[in-house]
2 protein chains.
Amino acid sequence: MAEDVFKALADPTRRRILDELVERDGQTLFEICARLVTKHGLGLSRQAISQHLAVLESADLVRSRRQGRYKFHDLNTEPLERIITRWLKRDTQEAP
Amino acid sequence: MAEDVFKALADPTRRRILDELVERDGQTLFEICARLVTKHGLGLSRQAISQHLAVLESADLVRSRRQGRYKFHDLNTEPLERIITRWLKRDTQEAP
DNA sequence: ACTATAGGCAAGTGGTGACTTGCCTATCAA
DNA sequence: TTGATAGGCAAGTCACCACTTGCCTATAGT
């Protein structure tokens, strides 16, 4: 639902997570934690990131695949592309 | 700032307001109130809508022009177009 | 078997944001 | 001027959300 997408994007930390995933897909929870700390100085607990990932996953912005004891996370930009055009005016006025 | 745009979009009522403004620009506060009530059944106070408009305006998603005792509100989609491409991967993006 | 790693579940806390209420200012019409 | 309309300001309430803490499960390595 679009509601979940907007809610997911509302938090700056979750947007940072998307930033990391767009750089490299297939990161685990611990990898994301480490990168947020080292690159952005965010001192968040592992559970905090885990909850953020759950929100992103419920919005279908992130998809995860389990492999042994690892859980890899992938970015899914499809919901973004769908909600974008909601308020973009049809180019009826700009047409010559 | 992008931060303000995402925060503004986080609330469903504010998204409804954008929906109304994309339909017709230049609506006053009272017009927006009336349309939210009649079309969406939202029983919100005038002040609530006023505060929402202030948030949208600080995000530059809505611009207002005063005329006598009326204040008309216009939709500005430029901030939307700027934040969209943030996570869109290279192969789905257009060359500048 | 034992231990460390990777992750999950659930209750509790603090702060922010949405909404209301009450009162105030400014503009227009009679 | 009086009254009605359009809007603004400020304080207060309430619920939700981000984050923590503590404990638990599962997989991999030795």
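The sequence lines fix the lettering, A, B, ..., with proteins before strands; numbering per chain opens at 1.
One donor-acceptor pair, N or O on each side, does fall under 3.5 Å between the base of D:dT20 and the side chain of A:Gln51. A donor N or O paired with an acceptor N or O is not found under 3.5 Å between the base of D:dG29 and the side-chain atoms of A:Arg69. For A:Arg66 against C:dG7, no side-chain N or O and base N or O form a donor-acceptor pair under 3.5 Å.
You'll find the side chain of B:Leu9 stays beyond 4.5 Å of the side chain of A:Leu9, heavy atoms only.
Rounded to whole angstrom, the span from the CG atom of B:Asp11 across to the P atom of D:dA15 amounts to 17 Å. A straight line from CG of A:Leu36 to P of D:dA18 spans 15 Å, rounded to a whole angstrom. Taking atom CZ of B:Arg15 as the reference point, atom P of C:dA18 lies 11 Å away to the nearest angstrom. Between the CD atom of B:Gln27 and the C1' atom of D:dG7 there is a distance of 16 Å, given to the nearest Å. Counting to the nearest Å, the P atom of D:dT27 and the CG atom of A:Leu29 are 17 Å from each other. Put simply, CD1 on A:Ile17 is 13 Å from C1' on D:dC19, counting in whole angstrom units. B:Leu53 has its CG atom 9 Å from the P atom of D:dG8, to the nearest Å. Computed from coordinates, the B:Arg46 CZ to D:dA10 P distance equals 15 Å when rounded to whole Å.
Other residues, nucleotides and ligands contribute more than 12 heavy atoms inside 6.0 Å of the CD atom of B:Glu81.
Nearest-nucleotide positions on DNA chain D for A:Leu44 and B:Tyr70 put B:Tyr70 closer to the 5' end. Nearer to the 5' terminus of DNA chain C, by closest-nucleotide assignment, is the contact made by A:His73 (compared with the other of A:His73 and B:Thr13).
Among the nucleotides C:dA18, C:dG7, D:dT20, the one closest to any side-chain atom of A:Phe30 is C:dG7. Distance from the side chain of A:Gln47 is smallest to C:dG8 among C:dG8, D:dC16, C:dT20. Of all nucleotides listed (D:dC23, D:dC19, C:dC23), D:dC19 comes nearest to the side chain of A:His52.
Regarding contacts with the backbone of C:dG17, a side-chain N or O of B:Lys7 is found under 4.0 angstrom from either OP1 or OP2. For A:Lys71 and D:dT27, the shortest distance from a side-chain N or O to OP1 or OP2 is not below 4.0 Å. For B:Ser45 and C:dC19, the shortest distance from a side-chain N or O to OP1 or OP2 is not below 4.0 Å. Checking the phosphate oxygens (OP1, OP2) of C:dG7, no side-chain nitrogen or oxygen of A:Ser50 falls inside 4.0 Å.
Note: B:Leu75 CG to B:Glu23 CD = 11.5 Å, rounded to the nearest 0.5 Å. The CG atom of B:Leu61 lies 11.5 Å from the CG atom of B:Leu53; values are rounded to the nearest 0.5 Å.
A salt bridge links A:Glu78 with A:Arg82: the distance from a Lys NZ or Arg NE/NH1/NH2 to an Asp or Glu carboxylate oxygen falls below 4.0 Å.
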